[in-house]
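Structure first, commentary second.
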Amino acid sequence: MIQEASAMGLLRTILIILLVWFGLKILARLFAPVLVKFVAKKAEQKFGEQFGNFQNQGQKHAEQKRKEGETVIDKMPNRNAKSNDKVGEYIDYEEID
């Protein structure tokens, strides 16, 4: 027994598909930011677990010894560097419109 599709049945099917599609788009817009924040927080936790333990013990000790407001210079500038007074010729110019 063969059944024929009616025009009303076809329109009804298309309408249901469109309603489901737009409903999913609206739900995705509502819940996507929450889902992205959750995934980012989990990735941050995993990254912290994997790489947080590799900090130098010397750095930890030095950071604990520093007082609040203290200025620390880790690298001193090279004192042997000489400045070159002959860097070029200065040319004064004006822009013309």
Could you measure the distance from the CZ atom of Arg12 to the CD1 atom of Ile17? Nearest 0.5 Å is fine. 12.0 Å
Non-hydrogen side-chain atoms of Leu11 and Leu15 separated by less than 4.5 Å: no
Where do Lys41 and Lys37 land on the side chain to side chain contact (heavy atoms under 4.5 Å, CB included) test, with the steps shown first? CA-CA 6 Å; Lys41 186 180 280 189; Lys37 285 180 185 177; over 6 Å; no
Measure the CE-OG1 distance between Met8 and Thr13 for me, rounded to the nearest 0.5 Å. 10.5 Å
Tracing side-chain contacts under 4.5 Å among Ile, Leu, Val, Met, Phe, Trp and Tyr outward from Leu18 reaches Leu10, Ile14, Trp21, Phe22
Answer whether the closest heavy-atom distance between the side chains of Phe31 and Leu35 falls below 4.5 Å. no
